[in-house]
Trainee: 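First the structure, then my questions, so here it is.
Keep in mind that the numbers below use all heavy atoms, side chains included, and drop hydrogens, waters and symmetry copies.
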Amino acid sequence: MHIAVISDLHLGRRDVADHFGHEDTAFLRFLRGLEGNFERIVLLGDIFETLTSRTPGRQAAELAAARAAHPELVQRFSRPQYHYIHGNHDLVAGTVLGAPEQLVLEADGVRLLFTHGHHHDWVIRKARWLSEAAVWTGAWLRRMRLQAMFRMFQALDVRMTHATPDPERCTFQRWALARAHEQEADVVVTGHTHLGMKVEHGSRLFLNSGTCSEGRFSFLSLDTRAGRYALHTSW
């Protein structure tokens, strides 16, 4: 099976707090390229940004606004070729759209686990309101053009994920491999950290799809028949 994975688009309502950074027409060309080369395309969480409303606690309304702002992309995502898994920024999609928190596929004798990865973060597990408040505050910093302060918030968020290519120091990888062990998966595929990676752990493989936000392109290609797994940062 040929599978492509993209995550962390953070599609918003096209205001100044929107992190997407692409023209929809250009991103549609990218999606058409994926559709022509892969049997399935996994949308691995944080596809929509629902935590940056002007007033807090309006995730369902923000999801509706983001979908209305990007109708052609939403129409594309509704095709059977796509599989949508929610993350923490689009958690409400689990309730509103029925997006699951993980997906397990088996093909050519390979068992693959797809999960966004936000369950690794103790703040999200123990005090989700605090994590969501930080995202909401960051959106207001962008609206007030306080970019330097916003970048400080971003850097703190990155540090809190504890994600690094070094498997000895990366707690995120250890968490993901534990989930793979629970699900008896050979390959575990994550998003969330915005840090694309491919790291072998003995008989198991850890992959991260990076991010397609802020004008970037990043995706994974998985070929289970040939045993080829790759991270791409351009197309």
Side-chain angles (χ1 to χ4, degrees), residues 5-12 19 42-53 56-60 62-63 66 83-104 111-141 150 152-185 187-197 199 201 204-211 213 220:
V5 184
I6 58 175
S7 71
D8 298 271
L9 279 63
H10 294 276
L11 290 161
H19 285 229
V42 177
L43 306 171
L44 198 50
D46 288 2
I47 302 305
F48 298 101
E49 180 56 72
T50 72
L51 303 180
T52 58
S53 57
R58 294 179 52 81
Q59 286 90 332
E62 283 301 295
L63 177 62
H83 300 267
Y84 178 20
I85 298 159
H86 75 73
N88 56 305
H89 285 247
D90 55 1
L91 184 67
V92 68
T95 302
V96 176
L97 302 177
E101 69 174 31
Q102 70 175 35
L103 171 70
V104 176
R111 185 171 172 89
L112 307 110
L113 170 65
F114 301 86
T115 183
H116 182 65
H118 56 285
H119 294 295
H120 162 265
D121 296 357
W122 71 267
V123 175
I124 294 174
R125 292 198 313 270
K126 303 296 185 181
R128 198 179 80 211
W129 66 269
L130 184 58
S131 172
E132 294 181 355
V135 176
W136 183 80
T137 301
W140 269 106
L141 292 175
F150 170 73
M152 288 175 58
F153 261 67
Q154 269 195 323
L156 177 62
D157 185 53
V158 169
R159 286 199 298 272
M160 289 179 65
T161 64
H162 300 288
T164 170
D166 181 357
E168 299 299 320
R169 296 172 48 234
C170 184
T171 62
F172 186 85
Q173 288 185 53
R174 290 201 294 270
W175 170 86
L177 267 294
R179 291 292 292 266
H181 179 74
E182 292 170 5
Q183 297 290 332
E184 300 182 336
V187 181
V188 56
V189 190
T190 62
H192 186 57
T193 67
H194 293 203
L195 181 62
M197 282 192 278
V199 184
H201 291 260
R204 288 194 167 94
L205 179 64
F206 167 83
L207 298 169
N208 190 286
S209 49
T211 178
S213 67
L220 294 167

Trainee: First locate atom CD of Gln173, then atom OG1 of Thr193, and finally report the distance between them rounded to the nearest 0.5 Å.
Mentor: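 Those atoms lie 9.5 Å apart.
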Trainee: Would you find more than 12 non-hydrogen atoms of other residues, nucleotides or ligands less than 6.0 Å from Arg125 atom CZ?
Mentor: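 Count over threshold, so yes.
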Trainee: NE2 of His181: more than 12 outside heavy atoms within 6.0 angstrom?
Mentor: no
Trainee: Please check if the side chain of Gln183 supplies one atom and the backbone of Leu112 the other of a donor-acceptor pair under 3.5 Å.
Mentor: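 No, Gln183 side chain to Leu112 backbone: no donor-acceptor pair under 3.5 Å.
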Trainee: Is it true that Thr190 and His116 share a donor-acceptor pair across their side chains at a distance under 3.5 Å?
Mentor: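 Looking only at side-chain atoms, Thr190 and His116 do not form any donor-acceptor pair under 3.5 Å.
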Trainee: Going by side chain to side chain donor-acceptor pair (under 3.5 Å), His192 matches just one of Asp46, Asp121, Thr115. Which one?
Mentor: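 When side chain to side chain donor-acceptor pair (under 3.5 Å) is applied between His192 and each of Asp46, Asp121, Thr115, only Asp121 qualifies.
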Trainee: Taking Arg204 for the side chain and Ala185 for the main chain, is one N or O donor matched with an acceptor at less than 3.5 Å?
Mentor: yes
Trainee: Is it true that atom CZ of Arg58 has more than 12 heavy atoms of other residues, nucleotides or ligands lying nearer than 6.0 Å?
Mentor: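 Counting neighbours around CZ of Arg58, 12 or fewer heavy atoms of other residues, nucleotides or ligands fall under 6.0 Å, so no.
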Trainee: Rounded to the nearest 0.5 Å, how far apart are SG of Cys170 and CG of Asn208?
Mentor: 9.0 Å
Trainee: If only atom types and distance count, is the side chain of Asp90 paired as donor or acceptor with the main-chain N or O of Ile47 below 3.5 Å?
Mentor: yes
Trainee: With rounding to the nearest 0.5 angstrom, report the CD to CZ distance, Gln59 to Phe48.
Mentor: 15.0 Å
Trainee: Are any side-chain N or O atoms of Thr211 and backbone N or O atoms of Asp8, one a donor and one an acceptor, separated by less than 3.5 Å?
Mentor: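 Yes.
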Trainee: Counting only N and O atoms by type, is there a donor-acceptor contact under 3.5 Å from the side chain of Thr50 to the main-chain atoms of His89?
Mentor: yes
Trainee: Does the side chain of Leu113 reach to within under 4.5 Å of the side chain of Val187, using non-hydrogen atoms?
Mentor: no
Trainee: Under a 3.5 Å distance rule, please check whether Arg174 uses its side chain to pair with a backbone N or O of Glu168 as donor and acceptor.
Mentor: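 Looks like yes, one N/O pair under 3.5 Å.
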Trainee: For His86 versus Ala99, what's the shortest heavy-atom pair and its separation?
Mentor: CD2-O, 3.0 Å
Trainee: Quick one: sort the His10 and His19 rings into parallel, tilted or perpendicular, breaks at 30° and 60°.
Mentor: tilted
